[in-house]
Amino acid sequence: MKSDDIRRGVQRGVSLRKTGSAPDIGKVDRMHRVIRKERRRHGEAKNSGDKTREKRERVRRLITTGWSIAVAVMAAGVLVAAFLFWLRPMLQREKDTTERDRLAAETRAKKASRYKSPGEDEAMEIVTHALAVRTPMEAREWIRLGSATAAEVVDYLQTLATREGTPVEKILGGCIDKNGLQLEGIEVVYGAGEFDKRRLAILTPDEHGVWKMDFAAFARSVNPSWSEFMKDGENRHSDGDVRVYFTKDRYFNGPFIDEKKWQAYGLVSQDLKDQLLVGYCKRGTPQHQAMELMLAAAGGRPALRTTLSVRHVPGAENRQLEITRVLAEDWVLADQPFDEQF
């Protein structure tokens, strides 16, 4: 073999490129576009999967929240239904009791109206004669004595005439039937007509149908006297019977601080000037029911008359009193205390 032949063979395998030119590697397919498309499809698939998972998670949360709300609503409904089931008999019992008490009061009022009420002129004449009483015989004729003696009544009226003078006005109040009694009221005004200068003459018939003025109501009798009962210290009387005006109150303190146990009532007497007392009844007792019935039947009047048995309680303020009996729903006593009907 010739050396030229060998040289020519070697030269055929070498690229005939000029110095500095790029090597010729032949035709190469452009793969970068395919790679981009693959990457794009992969990214889209990933994003689509994330969105699907988020959607499923959102639906799952909504379902869970919905069930939680539904369970809470059902539980609340069960509790409300149970409460109403428990409360309904109590409300019905209270309604029945109030209605029964109201009907009983109406029945007593109807039974009381056995005698013809005096007209205005006759009523004024009875009061005029009663206030002019100066002898025991006159007292028995014109006045319902109650627990007082005829002599005590005469002495009181004489002293009152000296102290207050002659009434300047008499105002007919009309029928005020209470405690199963027929009652007719006349307000007697002395002096300038201040609160403590006004007295209530209440007429009521005796067993023979003769109308007379009730002395205890007119005198606003209390036992013991207010000065003795309200005296501060250990020597005061612990119990007393009083004639007062009353209304609801919100003062709870000392032994009466628990308003779930006690009901408070403001008590006022014309003979105590501006001093306000507070009386308390244990809730649910006959005394509490009696006081509430009087208020329910008052028709919105701000203050009512009542006759009470009260007592001082150790540890309480001097003006705080426990109401132990409701003797009358006005100032005229009947044979039976008012609270005994409850």
Side-chain angles (χ1 to χ4, degrees), residues 79-80 82-105 178-179 222-224 226 228-234 236-269 272 274-331 333 336-342:
L79 290 175
V80 170
F83 176 74
L84 293 176
F85 181 77
W86 169 79
L87 184 63
R88 184 177 179 183
M90 298 182 65
L91 293 176
Q92 186 61 40
R93 183 162 57 250
E94 181 178 351
K95 179 180 178 182
D96 292 344
T97 301
T98 303
E99 183 65 14
R100 185 167 59 250
D101 293 340
R102 184 186 66 79
L103 292 174
K178 301 287 178 63
N179 301 306
V222 297
N223 184 34
W226 279 117
E228 288 294 320
F229 185 65
M230 295 304 297
K231 183 167 52 178
D232 204 357
E234 297 180 355
R236 71 185 178 192
H237 291 264
S238 60
D239 299 272
D241 295 338
V242 298
R243 285 174 169 81
V244 292
Y245 291 91
F246 80 96
T247 188
K248 278 279 186 71
D249 202 278
R250 293 290 302 166
Y251 183 72
F252 296 91
N253 196 13
F256 306 106
I257 196 170
D258 188 355
E259 54 187 290
K260 293 182 179 180
K261 180 180 179 181
W262 300 97
Q263 175 59 58
Y265 301 94
L267 309 179
V268 176
S269 171
L272 286 177
D274 298 327
Q275 187 172 2
L276 175 67
L277 310 179
V278 187
Y280 298 88
C281 287
K282 286 184 178 179
R283 291 183 179 275
T285 61
Q287 291 71 43
H288 178 223
Q289 294 179 55
M291 299 291 279
E292 291 300 308
L293 179 61
M294 285 189 283
L295 288 171
R301 281 178 292 167
L304 306 173
R305 294 183 298 272
T306 186
T307 307
L308 306 172
S309 289
V310 294
R311 72 182 185 96
H312 289 287
V313 175
E317 299 174 22
N318 194 46
R319 70 191 187 99
Q320 290 181 296
L321 306 169
E322 181 181 358
I323 299 172
T324 57
R325 297 299 304 269
V326 180
L327 301 177
E329 55 180 328
D330 208 293
W331 289 349
L333 298 179
Q336 180 186 27
F338 181 60
D339 61 13
E340 284 190 5
Q341 65 180 290
F342 302 96

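Along the sequence shown, residues carry numbers from 1.
- Taking each heavy atom of Pro224 and Gly240 in turn, the nearest pair found is CD-CA, 3.9 Å.
- Side-chain contact check for Asp239 versus Ser309: every heavy-atom pair is 4.5 Å or farther apart.
- Sorted by first and then second residue, the salt bridge (Lys or Arg N to Asp or Glu O under 4.0 Å) pairs involving residues 276-303 (not counting sequence neighbours) are Lys248-Glu292.
- Considering only heavy atoms from C-beta on, Arg319 comes within 4.5 Å of Tyr251 through its side chain.
- The two residues Pro255 and Gly315 make their nearest non-hydrogen contact at CD-O, 3.6 Å.
- No option in Asn223, Leu321, Val222, Asp241 other than Leu321 meets the side-chain contact (heavy atoms from CB on, under 4.5 Å) test with Phe229.
- Sorted by first and then second residue, the pairs that involve residues 302-315 and meet salt bridge (Lys or Arg N to Asp or Glu O under 4.0 Å), not counting sequence neighbours, are Arg305-Asp330, Arg311-Glu322.
- Counted by atom type alone, Asn253 and Glu317 present one or more donor-acceptor pairs between their side chains at under 3.5 Å.
- More than 12 heavy atoms of other residues, nucleotides or ligands sit less than 6.0 Å from atom CG of Asp258.
- Considering all non-hydrogen atoms of both residues, Ser269 and Val244 come closest at CB-CG1, 4.4 Å.
- Residues that satisfy the side chain to side chain contact (heavy atoms under 4.5 Å, CB included) test with Glu259, not counting sequence neighbours, are Arg250, Phe252.
- Nearest approach of Gly284 to Gln289, heavy atoms of both residues: O-NE2, 3.4 Å.
- Take Glu340 and apply the side chain to side chain contact (heavy atoms under 4.5 Å, CB included) test, not counting sequence neighbours, and it matches Arg325, Gln336, Pro337.
- Minimum interatomic distance between Gln263 and Asp249 (heavy atoms only, all atoms of both residues): NE2-O, 3.9 Å.
- Here the CG-CE distance, from Leu272 to Met230, works out to 6.5 Å after rounding to the nearest 0.5 Å.
- Side-chain atoms of Phe246 and Leu308, non-hydrogen and from C-beta on, never get closer than 4.5 Å to each other.
- With sequence neighbours left out, the side chain to side chain contact (heavy atoms under 4.5 Å, CB included) criterion links Ala290 to Val326, Phe338, Asp339, Phe342.
- Between Trp262 and Tyr280, the two ring planes are perpendicular [angle over 60°; tilted spans 30° to 60°].
- Closest heavy-atom contact between Leu333 and Ala328: CD2-CB, 3.8 Å.
- Annotation: side chain to side chain contact (heavy atoms under 4.5 Å, CB included) contacts of Asp232 (sequence neighbours excluded): Arg236, Asn318.
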